[in-house]
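Order of the sequence lines sets the chain letters (A, B, ...), proteins ahead of strands, with each chain counted from 1. Predicted model, so just to flag it, every value in this text is computed and none were measured.
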Number of protein chains: 2
Amino acid sequence: MTRLPETTISRLTIYRRYIKSILKKGKPLVTSEKLGRKMHFKPSQIRRDLSYIGQFGRRGKGYYVRKLCRGLDKTLGLDREWQVALVGAGNLGRSLSAYPGFRRHGFEVSVIFDNSPAKIGKTWLGVEVLDIKQMPKVIKERKIKIAIIAVPYSSAQQVADILIRSGVKAILNFAPYKVAVPEGLKLKNIDLSTELQSLSCFLTK
Amino acid sequence: MTRLPETTISRLTIYRRYIKSILKKGKPLVTSEKLGRKMHFKPSQIRRDLSYIGQFGRRGKGYYVRKLCRGLDKTLGLDREWQVALVGAGNLGRSLSAYPGFRRHGFEVSVIFDNSPAKIGKTWLGVEVLDIKQMPKVIKERKIKIAIIAVPYSSAQQVADILIRSGVKAILNFAPYKVAVPEGLKLKNIDLSTELQSLSCFLTK
DNA sequence: TAGATTGTTAATCGATTAACAATC
DNA sequence: TAGATTGTTAATCGATTAACAATC
């Protein structure tokens, strides 16, 4: 099978959210035309995206909602709970750990790391804040595979290196630094300043 | 001039950050080869991106750091201060308003709107929290052009509609909802759950 | 069967990369 | 001049969209 384009994966998560909502309503079938109308995507794009991950429909009828739902869960790995380590207990880090959308989708920030003595040993909304020095040990023990980096620019790469050595396989990086990771790991960057700057670029035209 | 691809704009903000740092060091020239090496981009991509917005170099020599810096500031609209309105004083909203990276790049969250009586009238880190009902008036008076939406899924479109009617031209949307905006406005979406889900998709392969 | 809609192929579009002519 | 590097053109790559054959 050919690999899923990143853009397709993003859309799959959106399809999944909407399809969950119609699953509740009990309709057994839904067409790509209706999905497109509701979510503002082209039906042909939806069919193309879904065809990457399986066959969930019947020609002339539509997609089986239940089957499609299961397929999306499976592909996206959302039929299970994921433990997430968060590095950086600053403003951004703390609020990310409190973000309800994560838990709702099966991601549990189960440990926070920081290097500030003022923060180490405290808990934040029930989650312990540990010394960054304990990171390799704790991450290995708990077999954590996903981490969020919310530390300043200057320590992002260093933190990433430790995470990688500890066995983390996927990183969501909020530091505005292009972290280097080896083959076989997944890195996603969210750079809040860049997003705002692209708005200001637009306004400047 | 042809329009700038969104991907190019994102990279320009990164180039700008690095070029600011070498401006401080005083070197008058820098080559695309060196920029590429430092920022992990292909030199040809950097030259292509920069050529969209002007000519900043001398063949055989490199780019003039100072000139390039000014060009990037100008294109990105970062030679000025931008006032930003934030809608939603929940966990995410409050921490976004506190995010130091915004101010550092010339974005000032100068007003927060919410609909919760418990929050209205308070201040958060020196910024007033106003009733969402006052949004049209305040945004028009202050001529605010950029807004951040950090409200729940269910009210995102409604909030966006009010913002647009009030004269906002560019929106950064954190609600996991595909907000519809008219032509001529700019919308950027940041969906934190989607990002984590794409990591989990990767781990599932 | 006729109408509908998937699943897939082919055409289009846009962005990245390589190549190189211009020129310092 | 010879060597270096920009700025630009052309080739490549990948994603989106339209078209349609398969089939319910």
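Separating the CG atom of B/Leu50 from the P atom of D/dG7 is a distance of 8 Å, rounded to the nearest angstrom. If you take CZ of A/Arg11 and C1' of D/dA15, they are 8 Å apart, rounded to a whole angstrom. When rounded to the nearest whole Å, the span between OH of A/Tyr63 and C1' of C/dA4 equals 13 Å. Atom CG in A/Asp49 sits about 14 Å away from atom P in C/dT8, given to the nearest Å. Going from atom OH of A/Tyr52 over to atom P of C/dT9 covers 12 Å, rounded to whole Å. For the pair A/Leu68 CG and C/dT5 C1', the interatomic distance rounds to 15 Å; values are reported in whole Å. Following rounding to the nearest Å, B/Arg37 (CZ) and D/dT5 (C1') show an atom-to-atom distance of 14 Å.
Contact between the side-chain N/O atoms of B/Ser32 and the OP1/OP2 oxygens of D/dT6 is found at a separation under 4.0 Å. Contact check, B/Thr31 against D/dA4: no side-chain N or O comes under 4.0 Å of OP1 or OP2.
Under the side chain to side chain donor-acceptor pair (under 3.5 Å) criterion, B/Asp79 pairs with no residue at all, not counting sequence neighbours.
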What string of B, S and - do you get for nucleotides 18-24 of chain C 5' to 3' if you count protein non-hydrogen atoms under 4.0 Å? BBBBBBB
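Other residues, nucleotides and ligands place more than 12 heavy atoms under 6.0 Å from the CD atom of A/Glu81. Applying the 6.0 Å contact sphere to NZ of B/Lys20 captures more than 12 heavy atoms from other residues, nucleotides or ligands.
Listed in residue order, the members of residues 12-22 of chain A having a heavy atom less than 4.0 Å from DNA chain C come to none. Listed by residue number, there are no residues of residues 189-205 of chain A with a heavy-atom contact under 4.0 Å to DNA chain C.
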Check the pair A/Leu50 / A/Arg47 against side-chain contact (heavy atoms from CB on, under 4.5 Å), numbers first and verdict last. CA-CA 5 Å; A/Leu50 293 178; A/Arg47 291 202 299 277; 6.0 Å; no
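For DNA chain D, each stem of at least three Watson-Crick or G-U pairs (distances under 3.5 Å) is given as range with range: C:3-24 with D:3-24.
Side-chain N/O atoms of A/Ser10 and B/Thr194 include no donor and acceptor closer than 3.5 Å. For the 3.5 Å distance criterion, the side chains of B/Asp49 and B/Gln45 fail to qualify, holding no donor opposite an acceptor.
Residues B/Phe174 and A/Tyr99 approach most closely at O-OH, 4.5 Å, considering heavy atoms.
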Produce the list of close N/O pairs, under 3.5 Å, pairing protein atoms with atoms of nucleotides 11-14 of chain D; give distances to one decimal.
none

